[in-house]
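Below: one structure, written as structure tokens.
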Amino acid sequence: MMAGIAALLAAMPAAGAETAGPMGMWMNPHQTVAVRTGACGDRLCGWIVWASAEAQADARDGGVGSLIGTELLENYRHDPSGWSGTVYVPDMGRRFYSRIEQVGADGLRVKGCILHGLVCRSQLWRRIAELPRG
């Protein structure tokens with residue numbers, strides 16, 4: 001386990017490097033969901049830590065009772081072009097192949113794909129320092 005965490009940390013830039021790495025708190029572009037990313041074994045995962053009333057209602061319609069605490073980003077492995085894993089879409093109740101790419105110090109491009117990568121959709125998430133109020 002410790003070796004896995006060490007490998008995950010080694011894949012991240014050193015302190016003071018151009019990018020701060022994918023660990024932290026992120027807000028989706030619609031400002032309806034905040035996700036905290038962190039190590040899950042030797043992988044990267046992300047859990048919903050805040051959601052708007054609209055996002056929570058959409059998730060309930062998709063069969064997710066409690067959106068807060070839901071693992072949205074699952075088992076991402078680092079490779080030379082970013083991270084690959086699975087993204088969970090709560091309002092659809094489905095998981096999709098996904099890639100994460102760091103965009104500067106404060107951006108993550110999160111891309112989910114279907115049909116073996118033929119159809120993809122991406123969002124640019126922004127790093128946040130604190131959760132929204134309300």
Side-chain angles (χ1 to χ4, degrees):
M1 171 110 172
M2 291 305 288
I5 292 172
L8 181 64
L9 293 174
M12 295 175 26
E18 184 175 310
T19 61
M23 298 221 191
M25 253 190 326
W26 304 90
M27 179 68 71
N28 74 344
H30 304 291
Q31 298 184 340
T32 55
V33 174
V35 174
R36 181 181 310 275
T37 56
C40 52
D42 63 345
R43 309 275 172 96
L44 177 73
C45 294
W47 301 268
I48 297 174
V49 293
W50 177 87
S52 69
E54 174 189 353
Q56 292 182 50
D58 288 346
R60 278 192 298 277
D61 290 346
V64 176
S66 177
L67 193 55
I68 307 301
T70 298
E71 188 174 7
L72 195 73
L73 305 175
E74 302 172 328
N75 298 316
Y76 283 76
R77 292 182 219 180
H78 188 261
D79 62 45
S81 63
W83 299 80
S84 61
T86 304
V87 63
Y88 177 62
V89 181
D91 57 345
M92 296 177 71
R94 297 188 53 202
R95 289 168 173 74
F96 298 96
Y97 169 78
S98 174
R99 301 246 347 126
I100 295 174
E101 173 190 349
Q102 186 86 31
V103 179
D106 294 325
L108 280 185
R109 183 166 316 282
V110 180
K111 180 168 45 169
C113 299
I114 60 173
L115 302 173
H116 303 287
L118 293 176
V119 178
C120 298
R121 192 169 156 218
S122 68
Q123 293 182 340
L124 182 60
W125 293 4
R126 291 286 170 202
R127 187 181 302 275
I128 57 173
E130 59 186 43
L131 295 176
R133 293 186 189 348

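Heads up: numbering here begins at 1 and tracks the sequence. Just so you know, these numbers use all the heavy atoms, side chains as well, and skip hydrogens, waters and symmetry mates.
One finds the CD atom of Gln102 at 5.0 Å from the CG atom of Leu108 (value rounded to the nearest 0.5 Å). Expressed to the nearest 0.5 Å, how far NE2 of His78 lies from CD1 of Ile100 amounts to 10.5 Å. Expressed to the nearest 0.5 Å, how far CG of Asp42 lies from CG of Asn75 amounts to 9.0 Å.
Contacts classified as salt bridge (charged side-chain N to carboxylate O under 4.0 Å, His left out) and involving residues 23-32 (residues at least two apart or in different chains) are not found. Applying the salt bridge (charged side-chain N to carboxylate O under 4.0 Å, His left out) test to every pair with at least one member in residues 49-70, sequence neighbours left out, gives no pairs at all. A disulfide bond (SG atoms under 2.5 Å apart) check over residues 42-97, counting only residues at least two apart or in different chains, returns the pairs Cys40-Cys45.
Arg127 contributes no side-chain N or O that, together with a main-chain N or O of Pro22, makes up a donor-acceptor pair within less than 3.5 Å.
Shown here are the side-chain hydrogen bond (donor to acceptor under 3.5 Å, both in side chains) partners of Gln123, two or more places apart in sequence or in another chain: Trp125. Remark: Arg95 engages Glu74 in a side-chain hydrogen bond (donor to acceptor under 3.5 Å, both in side chains) (not counting sequence neighbours). Legend: residues meeting side chain to side chain contact (heavy atoms under 4.5 Å, CB included) with Ser122, ordered by chain and number and at least two apart, are Arg109, Lys111. Contacts of Arg99 classified as salt bridge (Lys or Arg N to Asp or Glu O under 4.0 Å), with partners at least two apart in sequence or in another chain: Asp79. Under the side-chain hydrogen bond (donor to acceptor under 3.5 Å, both in side chains) criterion, Thr32 pairs with Asn28, sequence neighbours left out. With sequence neighbours excluded, the residues satisfying side chain to side chain contact (heavy atoms under 4.5 Å, CB included) with Ala34 are Met27, Val49, Trp50, Ile128, Leu131. Under the side-chain hydrogen bond (donor to acceptor under 3.5 Å, both in side chains) criterion, Ser52 pairs with no residue at all, not counting sequence neighbours.
Using a 4.5 Å cut-off on side-chain heavy atoms (C-beta onward), Glu71 and Trp47 make contact. At least one side-chain heavy atom of Thr37 sits under 4.5 Å from a side-chain heavy atom of Leu44.
Here the closest non-hydrogen pair linking Phe96 and Cys113 is CB-O, 3.6 Å. For the residue pair Pro29 and Leu124, the shortest heavy atom distance occurs at CD-O, 3.6 Å.
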Report the C-alpha distance between Tyr88 and Val64 in whole Å, list the side-chain angles of each, state the deciding distance to 0.1 Å, and finish with yes or no for side-chain contact (heavy atoms from CB on, under 4.5 Å). CA-CA 11 Å; Tyr88 177 62; Val64 176; 3.2 Å; yes
Evaluate the criterion side-chain contact (heavy atoms from CB on, under 4.5 Å) for residue pair Val89 and Arg94; output intermediate values, then yes/no. CA-CA 6 Å; Val89 181; Arg94 297 188 53 202; 5.6 Å; no
Check against side-chain contact (heavy atoms from CB on, under 4.5 Å), Val110 and Trp83: CA-CA 10 Å; Val110 180; Trp83 299 80; over 6 Å; no
